[in-house]
Amino acid sequence: MPVARPETSDSRVIAHVDMDCFYVQVEQRQQPNLRGQPTAVVQYNSWKGGGLIAVSYEARKFGVKRNIPWFSSSMRGDEAKQVCPQIQLVQVPVARGKADLSIYRDAGSEVVSILARKGRCERASIDEVYLDLTDAAQTMLAENPPESLEVTNEEVLKSHVLGLSLDAGDVKEKVREWLHRSDADQRDKLLACGAHIVAKLRLQVLKETEFSCSAGIAHNKMLAKLASGMNKPAQQIVVPFSSVMGLLQPLPIKKMKQLGGKLGTSLQIDLGANTVGDLLQFSEAKLQDHYGLNTGTWLWNIARGINGDEVEGRLLPKSHGSGKTFPGPRALKTIASVSIFS
DNA sequence: TACAACGGCCGC
DNA sequence: TGCGGCCGT
């Protein structure tokens, strides 16, 4: 059996790119008069003004909230009008009697085609992309490391660095310091390169598509995804190794991807674990007893910020036309998450 | 409170 | 392989 790389020394560079209120941005590009205005995209407007599926940040200031209409309704078009009378409501196109999201899917493809210039892309949803920048970051570190850059892209200096103390002094200067440290851990240097690359990519996306996005840069998909949502819109954040436990420890268990449902509830009720940090006290065997080998190991790992999931390289949201089936992306995933014990 | 969705993933 | 449960959008 080949020796597996311990996940605890994971030095990949993974970005999670999250488009900002994407459906709204797509409509605002089409109708520039909507830019800067409180705007929401609704589908099925016949019942109480339609369900909100995207809300601009201007509208959010008025308390307009996104709503998953087919799931415990909270706010619909009529209600949005009440709290924000000037809100612009745009309807999702309808084809064959159903909401047709294809214009948004196509707009997402524009973004992916730009991101894919720098690394392997996985479309996680209509408006979210994972990007594996390991190779690009290693190349940059070898050939053009941040510490030797003569001119630094201003955008990367707007990055957030999780755990960086910002009590006093010039924030931008502290970020510059962190990004350009020559004595940093090698893994942090790779993340710094990732931050530079992502900053440029986000500018390029803005230039070519007019869409803004937010991003998280970390050593695995789980952490990158957690981070990308922390500062929206139009911002990015890096998660250094040293900040991982501080991020996870107080995090409510239900906020973790895959733990928002019944499994998360069971962890709270059956194990009394309300934060990710609470999971640390349970042995792997104990978690496996409760939830099976795979899930138990997965839980033990994520509590420690370990996640071996690969960026899969799916550029298209659906697999139509290719009759080709391949054996097992699943097997790989299982091996990755168990490998630290071998 | 359901009402009007859909795709990916997983285990059986 | 197909189906149902689960999960997130």
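Letters A, B, ... mirror the listed sequences (proteins, then strands); counts begin at 1.
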- Task: Round to a whole Å and report the spacing from NZ of A/Lys232 to C1' of C/dT9.
- Result: 13 Å
- Item | Spacing between A/Gln43 atom CD and B/dC3 atom P, to the nearest angstrom | 15 Å
- Residues, nucleotides or ligands: over 12 heavy atoms within 6.0 Å of A/Gln30 CD: no
- Item | Shortest side-chain distance from A/Arg76, nucleotide among B/dC6, C/dT9, B/dA4 | B/dA4
- Could you measure between the two C1' atoms, the one in B/dC3 and the one in C/dG5, and give it in whole Å? 22 Å
- Item | Phosphate-side-chain proximity, A/Asn294 and B/dG11, N/O vs OP1/OP2 below 4.0 Å | yes
- Do the ring centers of A/Phe22 and A/Tyr104 come within less than 6.0 Å of each other? no
- Item | Criterion side chain to side chain contact (heavy atoms under 4.5 Å, CB included) against A/Arg12, the qualifying member of A/His219, A/Arg187, A/Glu310 | A/Glu310
- Message: Just N and O in the side chain of A/Lys225: are any of them under 4.0 Å from OP1 or OP2 of C/dG8?
- Response: no
- Message: Any donor-acceptor pair under 3.5 Å linking the side-chain atoms of A/Lys254 with those of A/Thr265?
- Response: yes
- Message: Measure NZ/A/Lys98 against P/B/dA5 and give the value in whole Å, please.
- Response: 9 Å
- Whole Å only: how far is the CD atom of A/Glu128 from the C1' atom of C/dG8? 9 Å
- For B/dA4 versus C/dT9, give the span between their C1' atoms, rounded off to a whole number of Å. 16 Å
- Count the heavy atoms of every other residue, nucleotide or ligand shown that sit under 6.0 Å from NZ of A/Lys225, and state whether that count exceeds 12. yes
- Task: Determine yes or no for a side-chain-to-main-chain donor-acceptor pair under 3.5 angstrom, with A/Lys174 supplying the side chain and A/Ser165 the backbone.
- Result: yes
- Message: Just the rounded figure in Å: distance from P of B/dC10 to CG of A/Asp309.
- Response: 8 Å
- Message: A/Leu133 and side chain to side chain contact (heavy atoms under 4.5 Å, CB included): which single residue from A/Ile217, A/Ile14, A/Val198 fits?
- Response: A/Val198
- Message: Measure CD/A/Glu122 against C1'/B/dG7 and give the value in whole Å, please.
- Response: 13 Å
- Protein proximity profile, nucleotides 2-7 of chain C - base contact B, sugar-phosphate-only contact S, no contact -, cut-off 4.0 Å on heavy atoms: ----SS
- Query: Between A/Leu293 (CG) and B/dG11 (P), how many Å, whole number?
  - Reply: 10 Å
